[in-house]
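Input: a single structure, listed below in C-alpha cells.
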Amino acid sequence: MNTKPFFRDDLVRWQQLISPHWLHSLLAGDEVMAAPTGNWRLFEVDFGAPDAYEQSHIPGAAYLDTHCLEDGPLWNKVADDLLLQLLLDIGIRHDTTVILYSRNMAAAARAAHLMLYAGVEDVRLLDGGFDAWQRAGLPCAAGAPQSYPSATEFGVPFPGNPHFMTDLHQAHALLLQPGGALVSIRSWDEFTGKTSGYSYIQAKGDISGALWGHAGSSVGADVNDMSAFHRPDGTLLPVSDILQFWRQEGIHADLQTAFYCGTGWRASLAFYYAWLMGWDNISVYDGGWFEWSQSCFAQQ
C-alpha cells in the first residue's frame with residue numbers, strides 16, 4: 001500500500017519526483033505532503049521552443065531554455081560564473097525549491113542535474129512531463145512566460161556539489177580506477193558503433209571499457225529517446241526494473257559512476273534517477289562521446 005499519496009514508495013528521495021495532481025494541488029494553494037518550505041519556482045524546460053510554451057503550458061510556469069545552461073561546440077555546461085548569474089537572474093538561491101518539467105523529460109533532467117551541481121538543495125521533476133499533465137486533464141495556460149524576481153545572492157559557496165560533474169581527464173582516470181565506471185546512456189546501435197546517433201557527431205563507436213546503461217530504441221531520429229527508462233505513458237519505470245537491467249550490465253550503487261551520452265541530456269536523466277534511488281557516488285561526464293571522440297584518449 002502506498003503510504004505517500006501522489007508519490008512513489010520505491011524511491012529514497014521520493015519527494016523529488018512529483019505527480020501532476022500533487023503539482024496542481026500546490027498551485028491551487030492546497031496543503032500537500034512534502035510541500036516546499038520556502039520560496040519555490042516552476043519552470044518548463046526546453047531547447048528553443050518558446051512557441052510551444054506560449055501556445056500551452058502549466059499555469060504559473062516560467063520558461064527556461066537549455067541554451068542558457070550549455071553552449072557549443074560541445075554543448076557542455078556554461079562556465080560557473082555564467083551558470084550562477086543565470087540562476088540568480090531567474091530567482092534561484094540554494095534554498096529555493098525548483099520544480100521542473102518538459103515535453104521530453106531529458107531536457108528537465110539536464111536542468112535538474114546542473115542545479116544540483118550548483119548546490120540547489122530541493123530540485124524536483126514532474127514525472128511524465130507535460131504529457132502527463134495533459135493526460136490528467138489538468139488546466140493549461142497560454143501566453144508569455146512568467147517571470148520571477150531575481151535573487152541577490154546564492155547563499156552558499158558555488159558550486160555546491162562539484163563532485164556531480166566529471167570532466168574529460170577525470171573520466172579517463174575513472175576508467176583506470178578500481179570500483180570506477182563510465183556508464184554509456186546511449187542506444188545499443190550507438191554503443192556498438194553502428195551509428196553516432198547525431199547529425200553533428202561524425203565518429204561512431206563508444207568509450208572502450210565503458211558499461212552500457214541503456215537508453216532508448218536503436219531506431220528513430222530522437223537522440224534524446226530514453227524509452228528504456230519509461231513506461232509507455234512516459235512516466236519513469238519502477239526502481240526494480242531499472243536495477244534489473246543495470247545489474248545485468250554490472251552497474252550498481254557501490255561503483256563510483258559517471259554517466260554520459262552524446263552531449264549530456266540522456267546522461268542527466270540516468271543521473272537523476274540514480275540520485276532519486278539514493279545513490280551517492282554519481283556524476284555526469286558532461287563532454288560525453290562528442291568530446292571523447294575528439295580527444296587523445298579516443299586513439300588509445
Side-chain angles (χ1 to χ4, degrees), residues 8 11 17 45-49 52 66 70 74-75 100-113 125-132 134-135 181-207 210-251 257-277 279 282-293:
R8 292 254 306 262
L11 297 170
L17 187 67
V45 185
D46 210 333
F47 179 81
T66 59
E70 55 189 13
L74 295 176
W75 299 108
L100 305 169
Y101 75 92
S102 52
R103 293 159 201 257
N104 177 329
M105 279 189 70
R110 175 63 159 161
H113 167 249
L125 249 58
L126 176 62
D127 193 12
F130 187 56
D131 285 348
Q134 291 181 305
R135 282 195 308 274
L182 290 182
V183 175
S184 177
I185 307 299
R186 307 175 71 205
S187 72
W188 180 248
D189 280 0
E190 289 172 279
F191 187 67
T192 57
K194 293 182 181 178
T195 177
S196 76
Y198 297 77
S199 61
Y200 53 88
I201 300 179
Q202 293 185 349
K204 299 177 182 179
D206 216 316
I207 299 174
L211 304 178
W212 184 45
H214 294 230
S217 170
S218 297
V219 180
D222 184 4
V223 296
N224 296 309
D225 178 9
M226 287 289 283
S227 55
F229 289 75
H230 293 155
R231 298 181 177 94
D233 67 0
T235 58
L236 292 174
L237 286 171
V239 166
S240 58
D241 290 20
I242 305 299
L243 290 180
Q244 181 177 359
F245 66 70
W246 274 356
R247 286 194 191 106
Q248 291 171 352
E249 305 297 338
I251 301 163
T257 299
F259 298 100
Y260 72 94
C261 54
T263 60
W265 283 32
R266 291 175 290 178
S268 294
L269 185 56
F271 167 93
Y272 193 82
Y273 205 144
W275 182 77
L276 289 174
M277 293 191 293
W279 292 23
I282 54 174
S283 65
V284 170
Y285 165 38
D286 197 22
W289 174 243
F290 195 8
E291 180 180 57
W292 186 279
S293 64

Are [X] and [Y] packed together at the side-chain level, in the sense that at least one heavy-atom pair is separated by less than 4.5 angstrom?
X      : Y      : value
Phe271 : Tyr285 : no
Leu237 : His230 : no
Val183 : Glu249 : no
Tyr200 : Thr263 : yes
Leu125 : Tyr273 : no
Ile251 : Trp279 : yes
Ser293 : Gln202 : no
Phe259 : His113 : no

Distance in Å, [X] [atom1] paired with [Y] [atom2], rounded so as to fall on 0.5 Å steps:
X      : Y      : atom1 : atom2 : result
Ile282 : Thr257 : CD1   : OG1   : 8.0 Å
Arg266 : Phe229 : CZ    : CZ    : 10.5 Å
Leu100 : Leu126 : CG    : CG    : 10.0 Å
Trp289 : Ile185 : CH2   : CD1   : 16.0 Å
Ser102 : Asp131 : OG    : CG    : 9.5 Å
Lys204 : Thr195 : NZ    : OG1   : 6.0 Å

Determine yes or no for a side-chain-to-main-chain donor-acceptor pair under 3.5 angstrom, with [X] supplying the side chain and [Y] the backbone.
X      : Y      : result
Arg8   : Leu236 : yes
Arg135 : Asp233 : yes
Ser268 : Gly264 : yes

Practice task
Look at the aromatic rings of Trp212 and Phe191 and report parallel, tilted or perpendicular, splitting at 30° and 60°.
Solution key: parallel
Practice task
Give a yes or no on whether the ring-centroid distance for Tyr198 and Trp265 is below 6.0 angstrom.
Solution key: no
Practice task
Establish, for the pair Arg103 and Phe130, whether the NZ or CZ atom is under 6.0 angstrom from the six-membered ring centre and no further than 45 degrees off its axis.
Solution key: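 Yes, cation above the ring, under 6.0 Å and within 45°.
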Fill in the blank from the handout: On a heavy-atom basis, the closest approach of Val45 and Ala108 is CB-CA, 4.0 Å
Handout entry: Distance-only donor-acceptor check, side chains Asp189 and Ser187, under 3.5 Å
Key =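 Asp189 vs Ser187: no donor-acceptor pair found between side chains.
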Exercise for the section: Could you please spell out the steps behind the side-chain contact (heavy atoms from CB on, under 4.5 Å) verdict for Met105 and Asp127? Expected result: CA-CA 8 Å; Met105 279 189 70; Asp127 193 12; 4.2 Å; yes
Exercise for the section: List the steps, then state whether side-chain hydrogen bond (donor to acceptor under 3.5 Å, both in side chains) holds for Asp225 with Ser227. Expected result: CA-CA 6 Å; Asp225 178 9; Ser227 55; 3.1 Å; yes
Handout entry: Lys/Arg-Asp/Glu bridge criterion (N-O < 4.0 Å) met for Arg110, Asp286
Key = yes
